[in-house]
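Taking it in order: structure first as structure tokens, then the write-up.
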Amino acid sequence: MRSTVISGIGSLVTNDPSLGGGPLGLLSDAAVVVADGRIAWVGPAASAPAADEGFDAGGRAVIPGFVDSHSHLVFAGDRTAEFNARMSGAAYTAGGIRTTVAATRAASDAALDANVARYFAEALRQGTTVLECKSGYGLTVEDEARALRIAGRHTDETTYLGAHVVSPDYADDPAAYVDLVTGPMLDACAPYARWVDVFCERGAFDGDQARAVLTAGAKRGLVPRIHANQLTEGPGVQLAVELGAASADHCTHLSDADVAALAAASGTTVATLLPGAEFSTRAAYPDARRLLDAGATVALSTDCNPGSSFTSSVPFCIAVAVREMGMTPDEALWSATAGGAAALRRTDVGRVVVGARADLALLDAPSHVHLAYRPGVPLVAAVWRGGERAA
Ligand SMILES: [Zn+2]
């Protein structure tokens, strides 16, 4: 078992307040020892134990790898024209998903797999070491199961989203589509998924349909998460809390009761904010400050998908969250690491503590604050995943 000491860390985010200052557990002049894929030691560089190999961070900042808990990467085709139209004045609706469905169904397994690999690699280069991935562009039994099989080659965090929109094949009979999603499609997909999700929104699925989808998934051992309150206020957040979902994602349009419910459920249901979607649809951002002040647990993720948020960059989301959503740089960093881990109910990632998976990102900057201070600048200089240098 070879060990590596990463020394000369000017500023280390551990996300463990017992290790250092503030909620981020910040340490200066720190070192981390990695062995067997795990964090073996964390502390002041001056007292670091010897290791087989050394890496000098040169005074730069090290943070936990980003945990991006929301993406849709099993797709084919392109929606440049739709984006261009939207930026020229057209409105965003849930219906654009159907464009990607047609292209995805027509694509080969190899083409889909190559696309997933490409975007996972792109995210990794930007510091993302855990990336959740949903189905939802197949909308047939075979195509949804295929999407999850392919996603599962790249991540353990796979989410069954047969209820992304009503399949165009069932446009005249949405109830029959819900029966399919909660019946034969679920049977085919459950073996390949950890999570079940539904797009609860006008134009997609209403509260009763969303409840049926999540309840059926839970009976098969899948843990619920939900696309909630993105375009309008609706029942999604309350449903998430009632069902003990791991996360309510988007949370852009919230009533006071929704905020209170998320705060009361802060140990169970994470409010996952996805500012790439508002950026790319030219919509008003969610109010992170309101959720944080109420006591909700907040995660920050990309929602990377070809229609409404085609960015794999967590640093971009951090910059937007700080500039536009009322988050401090510390809060945004926490939400993109420990918050994402909470949304995936993981304790082995999102923190730099002894025993955690050695997922780390080295920044070409003296502090994590530069992620917001220097927007759009590629600051991630090196990435370790499971102790291996990955980028
Ligand atoms: Zn989404």
Side-chain angles (χ1 to χ4, degrees), residues 67-75 79 82-83 86 92-101 104 116 119-120 123 128 130-139 144 147-148 151 155 157-166 181 193-205 210 213-214 217 222-232 234 236-237 239-240 245-253 269-281 283 285-286 298-314 316-317 320-321 335-336 339-340 343-344:
V67 181
D68 185 343
S69 62
H70 188 135
S71 83
H72 308 248
L73 293 173
V74 189
F75 70 89
R79 281 159 69 185
E82 180 189 321
F83 177 79
R86 203 161 59 231
Y92 175 66
T93 65
I97 292 165
R98 294 185 187 96
T99 309
T100 300
V101 169
T104 304
V116 175
Y119 294 113
F120 267 66
T128 299
V130 178
L131 182 49
E132 181 264 13
C133 185
K134 302 175 198 299
S135 69
Y137 294 122
L139 310 186
E144 286 296 300
L148 287 163
T155 181
E157 304 296 348
T158 52
T159 301
Y160 168 48
L161 182 59
H164 199 183
V165 288
V166 173
V181 167
R194 179 171 182 214
W195 310 96
V196 59
D197 196 345
V198 57
F199 188 10
C200 183
E201 187 61 62
R202 264 179 232 164
F205 298 90
V213 169
L214 297 181
L222 308 184
V223 183
R225 41 203 325 113
I226 179 167
H227 284 68
N229 302 56
Q230 177 186 1
L231 305 176
T232 54
V237 162
L239 187 61
S247 66
D249 295 38
H250 286 290
C251 293
T252 310
H253 296 274
T269 303
V270 173
T272 300
L273 308 183
L274 307 163
E278 282 78 28
F279 180 93
S280 301
T281 58
Y285 291 101
V298 173
L300 196 55
S301 293
T302 62
D303 192 17
C304 189
N305 79 82
S308 61
S309 181
F310 203 7
T311 180
S312 56
S313 173
V314 173
F316 167 78
C317 295
V320 173
S335 291
L344 294 174

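Counting convention: from 1, in listed order, for ligands and their atoms alike.
Taking backbone and side chain together, His227 holds an N, O or S atom under 2.8 Å from the Zn ion (ligand 1). For Asp249, every N, O or S atom stays at 2.8 Å or more from the Zn ion (ligand 1).
Here the closest non-hydrogen pair linking Ala246 and Val223 is CB-CG1, 4.4 Å.
In this structure a side-chain-to-backbone donor-acceptor pair under 3.5 Å is present from Glu201 to Leu231.
His227 and His70 share a donor-acceptor pair across their side chains, judged by distance under 3.5 Å alone.
Closest approach between the Zn ion (ligand 1) and any N/O/S atom of Asp303 involves OD1.
No close placement of the Phe310 and Phe83 rings is indicated, their centers lying 6.0 Å or farther apart.
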